Protein chains: 2
Amino acid sequence: MLAWGAATREHEAVNAAETTARRVRMDPDERRDQILRVAARLFGDRPYSEVSISDIAAEAGIARGLLHHYFGSKRELYLEVVRASSREPLGGDTAAVLGTEQAWATAVDRFLQAIDHHPERWLAAVNVGGPESDDEVAAILDETREILADHTLAAIGLDDRADDPVVRAFIRAWGGFVQELTIEWVGRARIDRDRVRRTMLATLPLLVERILPLLDEHDA
Amino acid sequence: MLAWGAATREHEAVNAAETTARRVRMDPDERRDQILRVAARLFGDRPYSEVSISDIAAEAGIARGLLHHYFGSKRELYLEVVRASSREPLGGDTAAVLGTEQAWATAVDRFLQAIDHHPERWLAAVNVGGPESDDEVAAILDETREILADHTLAAIGLDDRADDPVVRAFIRAWGGFVQELTIEWVGRARIDRDRVRRTMLATLPLLVERILPLLDEHDA
DNA sequence: GACCTTTGTTGAACGCTGTCCAATAGTCGG
DNA sequence: CCGACTATTGGACAGCGTTCAACAAAGGTC
């Protein structure tokens with residue numbers, strides 16, 4: 001009743017449901033995708049706790065129970081949204097020969113271009129958008145960053161040391177550097193894209209050359 | 001008295017409240033502090049949404065309503081916890097003359113020592129422990145990081161450029177580098193303290209010398 | 001075309017949450 | 001010892017996420 005009232009607001013599926021059929025039967029995959037899209041949009045707009053199952057159900061034009069039928073719980077639905085968005089391409093694969101200066105430049109440019117194209121997505125993904133700095137969400141984002149670290153190592157031709165914990169820690173730290181740098185760019189506008197680019201291009205090779213050897217020594 | 005002492009520590013407060021006195025009247029400031037301590041412990045143990053007002057009230061040996069009397073809402077209480085913990089000293093002020101190599105080493109050592117002393121606090125503060133990557137929580141942590149950036153600039157003797165947005169962005173990015181590096185150390189143990197120390201000591205001066213001039217140019 | 005099985009979908013019911021507020025009872029000054 | 005003050009209580013409330021038995025749309029079968 002209240003759900004129906006709210007459901008009449010907007011969106012094609014909703015209107016269709018209200019005017020033509022009281023009950024719309026969809027292919028499970030389609031329904032799942034539809035719910036996922038609506039949820040992704042709402043979770044992108046406002047924080048986790050302020051998006052209720054009722055909201056999502058209303059906008060999707062379905063009953064609350066159906067969400068639980070498909071995803072089990074609100075949390076699981078949210079995780080699915082995060083998983084889906086973390087699977088979206090960010091870097092893309094490099095065409096040039098890996099390990100060359102050109103490969104590194106290409107990787108950096110693609111990275112920056114992806115962020116430039118979807119700044120809000122990047123900010124959301126990076127802002128640890130988790131509902132409660134949650135272990136599962138953190139694990140997903142962590143995995144994404146590890147993969148990004150692999151790509152970074154490959155791009156600068158250091159993939160032969162990808163199993164070295166210290167090297168991984170070092171690259172992850174550099175990822176933190178880049179993350180903050182891009183936030184300063186697209187989020188706070190205290191630095192422009194070209195400076196971000198120059199910094200990224202110059203910094204990692206410099207650090208690999210000058211700092212990494214320092215970490216290979218056993219004692220100071 | 002002793003009952004209060006127990007109340008601040010363990011759930012014995014519940015027993016004490018049930019067996020001896022049905023109603024314990026405290027000084028508002030003490031009560032506020034006690035609630036804050038209990039809340040800080042619980043919010044540190046598990047995520048925001050899994051800590052209920054009832055839990056906090058039970059552990060503190062008080063009624064749920066009293067929490068709202070003191071803090072207005074669960075959210076406000078949480079923000080207070082975050083504010084309090086972000087005020088805790090992390091770096092400490094430097095004794096040596098700022099801008100020297102020794103000042104930088106001292107600052108780094110104090111920083112590392114603080115983390116080493118309370119690793120869980122550092123991880124909690126850094127893990128964007130916010131309930132929903134929330135604007136207010138983010139703002140508080142942001143402010144803390146800006147202050148830390150100021151201290152960093154002072155330690156390396158670059159405080160005369162503290163108003164330059166590009167320099168600030170650069171230092172903030174370095175903060176991201178350090179943050180990830182320390183997580184790799186105390187959180188994932190993929191790198192040891194001494195390597196973190198050497199990295200921090202060597203990296204920032206190197207970047208200031210080699211990368212910062214690059215950012216001062218207007219075009220590439 | 002009518003039946004029946006399958007299954008996508010509903011909506012009422014439940015327990016728990018955060019929040020409010022009138023009533024209650026410790027505490028202290030006179 | 002009394003009265004005023006106020007810290008504290010506990011029940012009421014709306015809203016949340018979740019469950020589940022009942023319902024209805026599709027598709028195969030005859």
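For clarity, every value in this text was computed on a predicted model and none was experimentally measured. In what follows, every chain begins at residue 1, and chains take the letters A, B, ... in the order their sequences are listed.
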Fit a plane to each ring of A:Tyr78 and A:Phe43, take the angle between them on a 0 to 90° scale, and name the class: parallel (under 30°), tilted (30 to 60°) or perpendicular (over 60°).
-> perpendicular
Indicate yes or no: does A:Arg37 engage A:Glu30 in a salt bridge with an N to O separation below 4.0 Å.
-> no
Round to the nearest Å and state the distance from B:Asp29 atom CG to D:dA7 atom C1'.
-> 13 Å
Backbone of A:Val51 reached by a side-chain donor or acceptor of A:Lys74 within 3.5 Å | yes
Among D:dG17, D:dT8, C:dT17, the nucleotide that comes nearest once only the side chain of A:Lys74 is considered | D:dG17
Counting only side-chain N and O atoms of A:Arg64, is one of them less than 4.0 Å from OP1 or OP2 of C:dT10?
-> no
Is any side-chain N of the basic residue among A:Arg161 and A:Asp164 closer than 4.0 Å to the acidic one's carboxylate O?
-> yes
May I ask you to decide if B:Arg195's main-chain N or O and B:Asp192's side chain share a donor-acceptor pair within less than 3.5 Å?
-> yes
Whole angstrom is fine here: how far is it from CE in A:Met26 over to P in C:dT9?
-> 7 Å
Quickly work out the A:Leu42 CG to D:dC16 P distance and round it to whole Å.
-> 13 Å
Pair B:Asp109-B:Thr106, side-chain hydrogen bond (donor to acceptor under 3.5 Å, both in side chains): steps then yes or no | CA-CA 5 Å; B:Asp109 280 333; B:Thr106 307; over 6 Å; no
Residue-phosphate contact under 4.0 Å: A:Tyr70 side-chain N/O, C:dG8 OP1/OP2 = no
Take atom CD1 of B:Ile53 and atom P of D:dG15, then tell me their distance rounded to the nearest Å.
-> 19 Å
A:Leu67 atom CG is separated from D:dG17 atom C1', nearest whole Å, by 11 Å
List, with names and distances, any nitrogen or oxygen atoms from the protein found under 3.5 Å away from nitrogen or oxygen atoms belonging to nucleotides 20-25 of chain D.
residue	atom	partner	partner atom	Å
D:dC23	O2	A:Arg23	NH1	2.8
D:dA24	O4'	A:Arg23	NH1	3.3
D:dA25	N3	A:Arg25	NH1	2.8

Looking only at atom types and distance, does a side-chain atom of B:Arg188 sit under 3.5 Å from a main-chain N or O of B:Ile183, one as donor and one as acceptor?
-> no
Please state how far atom CD1 in B:Ile35 lies from atom C1' in D:dT9, giving the value in whole angstrom units.
-> 13 Å
A:Phe71 CZ to D:dT18 P: how many Å, rounded?
-> 13 Å
Rounded to whole angstroms, how far apart are CD1 on B:Ile62 and C1' on D:dT8?
-> 9 Å
